[in-house]
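In what follows, every heavy atom counts, from backbone to side chain, and hydrogens, waters and symmetry copies are set aside. Here is the naming used below: chain letters follow the sequence lines, and residue numbers restart at 1 for every chain. Being a predicted model, the structure only gives us computed values, none of them experimental.
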Amino acid sequence: MLDPNLIRSNPEKVKKGIASKGADPTLVDQFLEIDKKRREVIVTVDDLRHKRKELSQTIGKLIKESKNPEEIKEEVRKIGDLISEKEKELEVLNKEFEEILLSIPNLPHESVPVGKDETENVVLRKEGSIREFKFKPKPHWEIGEYLDIIDFKRATKISGSRFYVLKGLGAKLERALISFMIDFHVEKHGYKEIFPPVLINRASMIGTGQLPKFAEDMYKIEGEDLYLDPTAEVPVTNLHRDEILSEDDLPIKYVAYTPCFRKEAGAAGKDTRGIIRVHQFNKVEMVRFTKSEDSYEHLYELLDNAEDILRALKLPYQIKMMCTGDLGFTAAMKFDPEVYMPAQEKYVEISSVSNFEDFQARRANIRYRTKTNELKYVHTLNGSGLAVGRTMAAILENYQNEDGSVSVPEVLQKYIGIDKIVKA
RNA sequence: GGAGAGGUGGCUGAGCGGUUGAAAGCGCCUGACUCGAAAUCAGGUAGAAGGUAACCCUUCUCGUGGGUUCAAAUCCCACCCUCUCCGCCA
């Protein structure tokens, strides 16, 4: 959430910022109206409670002096009734205040290009070299079925559409990718590995910003206060919810593998073939908690960490900078590395690297104490490193051979034990 | 699931109806001593929401939510969580 004081002192700036993200700028006016009422009632309630406190203490004294306190008791009782009345009013206002604060998106960083939607994102650079095929490259789902390492039909039987089963070397390649990515980030980039739960409570979902606004894209466990993890960002960022860290602890760098579950509501008809858009996929996620002043340095480092995996796998990719309209609810700045898919001759998002500044930290109440005893909100960042299923799809397409086999990228060979996947 | 114990500040831990938002210790900050550090000594140090130009002032918070009372960390009820034992179990 945003700092309420920022909205109060600079409403025009906030309006402009959220409007550039496509949010309704009148949210700011609604906030200011509720905020004003709320503060008025707070003053009233505080005064009444102050009076009650004083009189109650007087009663204590009177009793000690064995004088009759009945008259004052009656007065305090009346004040008490008045207080409960006003408190009810305040409770409603507090709720409205909170709701509206939680529904206002983060402001874009001023250097983010203004744009209305994904068509106005900016490609910053292209990396790696696109292979020239002497034959027509096949899409990954055809390769996967031909090699009998991906089974879509049977996944439909046990679960439904947008699921897939990995078999044999396909399953092993998936495991190899997970291990490779985690080892790489731990050993080369200094992250600490986390293996979190994937059933997550509501408070955590609010902390990172999935709730209350995006409930329709999440799987909820019936009858329990639990949701299926949509990304490791949620459990890992919430590790430090309601904590006060020491400045010496920062930066904290975590890497976690989790399966991710998404309903993909509103994506009907999009990427229906293959393993690009599915309800359950694996992802290795990097999360950082930093001091407020150096989060942007960390953002570029995080982006480079994600790219490092693509470089190691020798996959061609491009870096896209998201414009304001495609930043999403929580990010202040976001880069999407996109991998090249030769069969479709297009780039596909394979990672997403964001700085949330203090937006999540305010929601999740994650602070740190500076050396001079000041309390500040941390900045949180995260980036996929990488989406495992999409990486597998990219490998199948980029490393395919004319005979239908797929070569194994060099860095994965020690994990999978062979250098080529051939039809069994 | 059953029985018992417990949830208090950054941490440990006392308090169990009325200046107790809370003893003590640790940690942290400032100062003294020191060439510097350690040790020692002195002082400071919970968070949030409001009010105020400011010094400061007020309210709320002792797991969460209700209740009793003029007044609740303290008494009562419900729930949540943690620990120990028992049962079940990959």
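- Whole-Å rounding puts the A:Asp47 CG to B:C57 C1' distance at 11 Å.
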- prompt: How would RNA chain B look in dot-bracket form, 5' to 3', counting Watson-Crick and G-U wobble pairs with both distances under 3.5 Å and writing | for bases paired to another strand?
  reply: ((((((((.[[[..)..(.....]]]((((((.......))))))((((((....)))))).[[[[[..)....]]]]])))))))....

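- Comparing the C1' positions of B:A53 and B:G27 gives a spacing of 37 Å, expressed to the nearest Å.
- In terms of phosphate contacts, A:Lys53 brings a side-chain nitrogen or oxygen within less than 4.0 Å of OP1 or OP2 of B:C60.
- Atoms CZ (A:Arg362) and P (B:G47) sit 16 Å apart, rounded to a whole Å.
- Toward the 5' end of RNA chain B, the nearer of the two residues A:Ile244 and A:Lys51, judged by each one's closest nucleotide, is A:Ile244.
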message: Within the 4.0 Å limit for protein heavy atoms, which parts of nucleotides 24-30 of chain B are touched? Write it as a string from 5' to 3', B for base, S for sugar-phosphate only, - for none.
response: ----BS-

Under 3.5 Å, which donor-acceptor pairs link side chains of residues 205-216 of chain A to any protein atom two or more places apart or in another chain?
| residue | atom | partner | partner atom | Å |
| --- | --- | --- | --- | --- |
| A:Thr208 | OG1 | A:Ser204 | O | 3.2 |
| A:Thr208 | OG1 | A:Gln210 | OE1 | 2.7 |

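- Distances shown here put a side-chain N or O of A:His50 below 4.0 Å from the OP1 or OP2 atom of B:U59.
- Note: A:Tyr146 and A:His140 fail the aromatic proximity criterion, with ring centroids not under 6.0 Å apart.
- In this structure, the OH atom of A:Tyr377 is 12 Å from the P atom of B:G47, given to the nearest Å.
- Note on A:Leu55: nothing from the nucleic acid sits closer than 4.0 angstrom, heavy atoms only.
- Ion pair A:Arg39/A:Asp35 flagged as a salt bridge, since at least one NZ, NE, NH1 or NH2 atom sits closer than 4.0 Å to an Asp/Glu carboxylate oxygen.
- Nucleic acid contact class of A:Arg8 (heavy atoms, under 4.0 Å, all strands): sugar-phosphate only.
- When only modelled atom types and interatomic distance are considered, A:Gln413 and A:Asp419 share no side-chain donor-acceptor pair under 3.5 Å.
- Of the P atoms belonging to B:G4 and B:C76, the separation is 15 Å, rounded to the nearest Å.
- At whole-Å resolution of the value, CD in A:Glu87 and P in B:G67 are 10 Å apart.
- Using a 30° and 60° split on the angle between ring planes, A:Tyr296 and A:His109 fall in the tilted class, from 30° to 60°.
- In this model, a donor atom of one side chain and an acceptor atom of the other lie less than 3.5 Å apart for A:Asn401 and A:Ser407.
- Rounded to a whole angstrom, the distance from the P atom of B:U45 to that of B:C56 is 12 Å.
- B:C26 and B:C80 are spaced 30 Å apart, taking the C1' atom of each and rounding to whole Å.
- Looking only at atom types and distance, the side chain of A:Asn282 has no donor-acceptor partner in the side chain of A:Arg390 under 3.5 Å away.
- One finds a salt bridge joining A:Arg288 and A:Glu301 here, because a Lys/Arg side-chain nitrogen approaches an Asp/Glu carboxylate oxygen to under 4.0 Å.
- For the pair A:Arg38 and A:Lys73, both in contact range of RNA chain B, the more 5′-proximal nearest nucleotide belongs to A:Arg38.
- Relative to the ring axis of A:Tyr227, A:Lys220 places its NZ or CZ within 45° and under 6.0 Å from the centre.
- Taking only side-chain nitrogens and oxygens, A:Arg39 never comes nearer than 4.0 Å to OP1 or OP2 of B:A49.
- One atom, CG of A:Asn5, and another, C1' of B:G51, lie 13 Å apart when rounded to the nearest Å.
- Atom CD1 in A:Ile366 sits roughly 16 Å away from atom C1' in B:G10 (whole-Å rounding).
- Ranking B:U59, B:G50, B:A48 by closeness to the A:Leu375 side chain, first place goes to B:A48.
- Of the P atoms belonging to B:G7 and B:U74, the separation is 12 Å, rounded to the nearest Å.
- A close approach under 4.0 Å does not occur between any side-chain nitrogen or oxygen of A:Arg367 and OP1 or OP2 of B:A46.
- Nucleotides B:A22 and B:A78 have their C1' atoms positioned 27 Å apart, rounded to a whole Å.
- With B:G51, B:A48, B:G18 as the candidates, the nucleotide lying closest to the side chain of A:Ile59 is B:G18.
- The same atom, P, is picked in B:U20 and in B:A72; the two are 16 Å apart, to the nearest Å.
- To the nearest whole angstrom, the two P atoms, one in B:C75 and one in B:C88, are 37 Å apart.
- Seen from the ring of A:Tyr191, A:Lys253 counts as a face-on cation partner, given the 6.0 Å and 45° thresholds.
- Computed from coordinates, the A:Arg49 CZ to B:G21 C1' distance equals 15 Å when rounded to whole Å.
- A:Lys16 has no carboxylate O lying under 4.0 Å from a charged side-chain N of A:Glu12, or vice versa, which leaves the two without a salt bridge.
- Computed from coordinates, the A:Glu224 CD to B:C79 P distance equals 16 Å when rounded to whole Å.
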